[in-house]
Amino acid sequence: HIAPFVQVLDAAVGLFGRFELSLGVPYTIWNSNADPSPDPPTDTGRADGQGLADILVSGKARVFATSTHPFGLAFVASVMLPTGSRERFLGESQPVLAPGAIVDKDLQNDRVHVALNVGARLRPESRTFQDDEILRSPPAGGVDVSPRACPDPLIPGLPCGTGEQVQVSRAQLTYGLGFSYAIVHRRFDLVAETYGTADPAADSDTSMFPLEALAGIKVYLARNSYL
């Protein structure tokens, strides 16, 4: 069971009508009963904590705008700074470079907006995560559910975690598809997004092609300011 809560403070500034610089500062709260290890088998970790995650610094250059061309085209370069704790699964403890390209299109008199992005995530080193730490389990025939050492010298053969291992390679392909529909133009939008990665070095379909989806609403406070 993992229940994350993430808040991100974003700031951006436009330059010369074609460029944008942005900064994202995330604060993450995890609540989990899992005890994975970020560097098995020596390091211990726990996906349960709170704090500053990895800060994201990005630059974007727009080549074509949808207002003057049939489709929009932009290029993005982002750097994730190692500000989050790897032991608490708040960061990677290494810088990550994420270049990419975005193609977008306006439809139905600008009421519908569709965007596709493709890029990469590049790391100096690969990472391995394994659930092999403390297992909260009672002894055979007992009722004690307190945390136990892994392995427990008093109970030979007691399983240590799930043993599941996830590998993250140095280079990953990233992709995403976004959609928005203006219920009230420049006032209220419905939005949806799906995004994922492709990791050829992963050892299972789950870690090789992870995919997530989000849906929500956008309420405009001003022309380019919204919640």
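If you read the sequence from its start, that first residue is 1, and numbering goes on from there.
- Partners of Thr83 under the side-chain hydrogen bond (donor to acceptor under 3.5 Å, both in side chains) rule, at least two apart in sequence or in another chain, do not exist in this structure.
- Residues satisfying the salt bridge (charged side-chain N to carboxylate O under 4.0 Å, His left out) criterion with Arg123, sequence neighbours excluded, are Glu92.
- Remark: Asp104 pairs with Arg62 by the salt bridge (charged side-chain N to carboxylate O under 4.0 Å, His left out) rule, at least two apart or across chains.
- Grouping Ile, Leu, Val, Met, Phe, Trp and Tyr by side-chain contacts under 4.5 Å, direct or through others, puts Leu56 with Met80, Val96.
- Take Asp189 and apply the side-chain contact (heavy atoms from CB on, under 4.5 Å) test, not counting sequence neighbours, and it matches Ala182, Val191, Lys218, Tyr220.
- Grouped with Val76 in one hydrophobic cluster are Ile102, the linkage being side-chain heavy-atom contacts under 4.5 Å among Ile, Leu, Val, Met, Phe, Trp and Tyr residues.
- Grouped with Leu73 in one hydrophobic cluster are Val63, Phe64, Phe71, Phe75, Val103, the linkage being side-chain heavy-atom contacts under 4.5 Å among Ile, Leu, Val, Met, Phe, Trp and Tyr residues.
- Residue pairs meeting the side chain to side chain donor-acceptor pair (under 3.5 Å) criterion with at least one partner in residues 66-79, sequence neighbours excluded, are Ser58-Ser78, Thr66-Asp106.
- Listed by chain and residue number, Gln94, Pro95 satisfy the side-chain contact (heavy atoms from CB on, under 4.5 Å) test with Pro124 (two or more places apart in sequence, or in another chain).
- Rounding to the nearest 0.5 Å gives a distance of 6.0 Å between CZ of Arg121 and OG1 of Thr174.
- Annotation for Leu214: hydrophobic cluster partners, listed by chain and number, are Tyr195 (ILVMFWY side-chain heavy atoms under 4.5 Å, direct or chained).
- In this structure, the separation between CG on Asn109 and NE2 on His185 is 9.5 Å, given to the nearest 0.5 Å.
- When the side-chain contact (heavy atoms from CB on, under 4.5 Å) test is applied to Phe19, the partners found at least two apart in sequence or on another chain are Leu15, Phe16, Ala61.
- For the salt bridge (charged side-chain N to carboxylate O under 4.0 Å, His left out) test, no residue two or more places apart in sequence or in another chain qualifies with Glu212.
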